[in-house]
Amino acid sequence: MRPAVRPDLRRLSGYHSALVDVEVRLNTNESPFGPPEAWRTELTAAVARLDLNRYPDRHVSALRHELAQHHGVAVEQVYCANGSNEVLQSLLLAYGGPGRTVAVFEPTYQLHAHIARITGTDVAVGQRTDDHALDLAEVARVLADSKPVMTFLCSPNNPTGRAEPAEVVDAVAALAPGLLVVDEAYGQFARTTALERLKHERPEDAVTVVVRTFSKTWSMAGVRLGYLVGPPEVVEACQAVTLPYHLDAVKQEAGRLALRYTAEMEARVALLVEERGRVAARFGSLPVDTWPSDANFILFRPRNQTASAVWNGLVERSVLVRDCSTWPGLSGCLRVTVGTPEENDRFLEALEACLQ
Ligand SMILES: *Cc1c(COP(=O)(O)O)cnc(C)c1O
């Protein structure tokens, strides 16, 4: 007899984006721009000096130190992992598990609930309003009913696009009984950040943990590096569930050196924000509903056609976007990542042709 996998895993389908060979890939919210050439040169030289026969720095000291300086926090407040998804997994391994519950508000980033379920954690699901905003009465109801050990917010929210106003995050922190995890994968695209909360936390509020990634704004999705900023006890809890030497030496250098190119990152973000405005404006003259975005993607819903017809029409024109129409609360919706000006033009032309 072959061993059976955990019965609760059999109900889960993986989280994957479509793999289609196209010229314009606007489906996974990566940066369309590579990291700076000077960073590449520095990294190559640094890698040549590494003792790769030795295990990497287990405490990730240099990278955590630089990240702490970058955010003006103590090194004990920073935990790094292989992408922010692994940060989320560490949080769930440390604080979740059987008999424990976390809360999410749909539509939101699918992996919060997905990784929770993989770790055997129950998921309490609240609903956002029709325009995808958080409804504080609904938040209060879900948190009171489920008493979650962690409440997840995503700001800006993937895939709907808006950043949560600081007052809303403050209000959720006042209601949440455990940790408040704010996933800021797109943080630098927005004007607000929950990192501000860390400086003036009230003891009666939920403890705030902010999760960030190098995958989007830093143009380093291929490197797989993410981190959290939060209280030292959360960092220690995450370290306790982390495999020894999980963060390789090359990645530690890559992240450390990237922080020397913060101005270049901010310039790429500014360009994408400008392009986002241009794409959003063009949506205004097309038969689609859209929602305002504080990130590098825009959610839209064709008014006169199904999402899959438009998705297929775009693929025929070699443009790939994300079909979100089967996600909770997003029927008929597609999500487009903001690309280079040329890619955005290709997308807009193709979309116009599909909608005619
Ligand atoms: C893209 C994304 C991430 C990034 O995950 P990595 O593992 O760091 O690549 C995390 N959270 C959200 C909401 C995202 O959209």
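What you are looking at is a predicted structure, and each value in this text was computed from that prediction instead of being measured. As the structure lists them, so they are numbered: ligands from 1, and atoms in each ligand from 1.
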Side chains of [X] and [Y]: is there a donor and an acceptor less than 3.5 Å apart?
{"X": "E184", "Y": "T193", "value": "yes"}
{"X": "R100", "Y": "T121", "value": "no"}
{"X": "S31", "Y": "R268", "value": "no"}

For each nitrogen or oxygen atom of ligand 1, which protein N/O atoms lie closer than 3.5 Å, and how far apart are they, rounded to 0.1 Å?
from     : atom 1 : to   : atom 2 : distance (Å)
ligand 1 : 5 (O)  : S84  : OG     : 3.1
ligand 1 : 7 (O)  : S84  : N      : 3.2
ligand 1 : 7 (O)  : N85  : N      : 3.0
ligand 1 : 7 (O)  : N85  : ND2    : 3.1
ligand 1 : 7 (O)  : R224 : NH2    : 2.7
ligand 1 : 8 (O)  : S84  : N      : 2.6
ligand 1 : 8 (O)  : S84  : OG     : 2.8
ligand 1 : 8 (O)  : T213 : OG1    : 2.6
ligand 1 : 8 (O)  : S215 : OG     : 3.4
ligand 1 : 9 (O)  : S215 : OG     : 2.6
ligand 1 : 9 (O)  : R224 : NH1    : 2.7
ligand 1 : 11 (N) : D183 : OD1    : 3.2
ligand 1 : 11 (N) : D183 : OD2    : 2.8
ligand 1 : 15 (O) : N158 : ND2    : 2.8
ligand 1 : 15 (O) : Y186 : OH     : 2.6
ligand 1 : 15 (O) : K216 : NZ     : 3.3

- prompt: In terms of the angle between their ring planes, are H71 and Y227 parallel, tilted or perpendicular, with boundaries placed at 30° and 60°?
  reply: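 Geometry flag for Y227 against H71: tilted rings.
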task: Answer yes if L88 and L153 sit in the same cluster of Ile, Leu, Val, Met, Phe, Trp and Tyr residues linked by side chain heavy atoms under 4.5 Å apart, and no otherwise.
output: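 Per the 4.5 Å side-chain linkage, L88 and L153 are not co-clustered.
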message: Does the structure place the NZ or CZ of R335 under 6.0 Å from the centre of the six-membered ring of F297, at an angle of no more than 45° from the ring's axis?
response: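 Yes, R335 lies over the aromatic ring of F297.
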